[in-house]
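Below is one structure; the comments refer to it alone.
Numbers restart at 1 for each chain; the letters A, B, ... are given by sequence-line order, proteins then strands.
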2 protein chains.
Amino acid sequence: MTAARDLQLDTACPDTRALVEHVTSKWGVLVLLALRDRTMRWSELKREIAGVSEKMLIQSLQTLEADGLVLRTARPVVPPHVDYSLTDAGHEAVDLLAPLVFWAQQQVQG
Amino acid sequence: MTAARDLQLDTACPDTRALVEHVTSKWGVLVLLALRDRTMRWSELKREIAGVSEKMLIQSLQTLEADGLVLRTARPVVPPHVDYSLTDAGHEAVDLLAPLVFWAQQQVQG
DNA sequence: TGGGGTACCCACCTCGGGGTGAGTAGCATC
DNA sequence: GATGCTACTCACCCCGAGGTGGGTACCCCA
């Protein structure tokens, strides 16, 4: 178990900060949770995640893809067909993230 | 285990979102980790958490106190003496948060 | 001929997280 | 008399997350 002090200092690292911010961002959380148990198309995600704007959905997906957490698979057909799924790292992230979100939910409701 | 879909919808709840944002915010993370294994004075936190501005440290502490994660104990002496520690809920939060931060760190360094 | 569906891009705006710097009370020390 | 320490408050600024609304290529179907 790493000492708390070690974590503190390292957290000042901007890259670690950025990754934590991405996975805990407003729409990032919802995208990761939505993709947790199955691959989804872009339009499915848009429908599933209530209230997300097209811009933010695209931006979130692109960020998570760049972080290596989400896999984008485009089929060059008409009309366009694009699938999104979690990578192994994405599954690791969501497995660590979900308990935190669940806990926060309990706190608020309690 | 709650289904992913249930979590998704509930996460849209602004209060849950706010709490997750507080504990995963730039300085919120560092404050929680710093207080993980001991009570600290304000000046100690300021020294321990490199680069934090006074304003943001105070703001983070006030937010976490309002969320019931941090306990503030002021002694009316001169010069002022204020202790900060984690509540039970604060310990729960940091125990869920630390693995996520640690994982992010590994991802970045790998 | 034109309207619709998919998966985007682009320009613009707002609002709040985060940063900088100055001020403050009361005593202690020089 | 002045300066310093602690734990703040207050005023102002900047930038980026997030939102809004329009455009676009391509083909299909009516």
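B:Leu61 has its side chain within reach of B:Leu45: a pair of non-hydrogen atoms, C-beta onward, lies under 4.5 Å apart. Between B:Leu71 and B:Tyr84 there is no side-chain heavy-atom pair separated by less than 4.5 Å. Residues B:Gln107 and B:Phe102 are not in side-chain contact: their nearest non-hydrogen atoms beyond the backbone lie 4.5 Å or more apart. Here the side chains of A:Val94 and A:Val29 are not in contact, with every heavy-atom distance at 4.5 Å or above.
Between A:Glu48 and A:Arg38 there is no salt bridge, since no side-chain nitrogen of the basic residue lies less than 4.0 Å from a carboxylate oxygen of the acidic one.
Rounded to an integer number of Å, the gap from A:Leu64 CG to D:dA17 P is 13 Å.
Residues B:Leu19 and B:Leu30 fall within the same hydrophobic cluster, defined by Ile, Leu, Val, Met, Phe, Trp and Tyr side chains chained together at heavy-atom separations under 4.5 Å. B:Val20 and B:Val101 are assigned to two separate hydrophobic clusters, defined by single-linkage of ILVMFWY side chains at heavy-atom distances under 4.5 Å.
Residue pairs meeting the side-chain hydrogen bond (donor to acceptor under 3.5 Å, both in side chains) criterion with at least one partner in residues 62-76 of chain B, sequence neighbours excluded, are B:His22-B:Asp67, B:Arg75-B:Asp83.
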- Item | Contact state string [nucleotides 5-26 of chain C, B base, S sugar-phosphate only, - no protein heavy atom under 4.0 Å] | BBBBS--------BBB------
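Note on the helix from C:dT1-D:dA30 to C:dC30-D:dG1: terminal axis deviation equals 30°, with five pairs used at each end and the result rounded to 10°.
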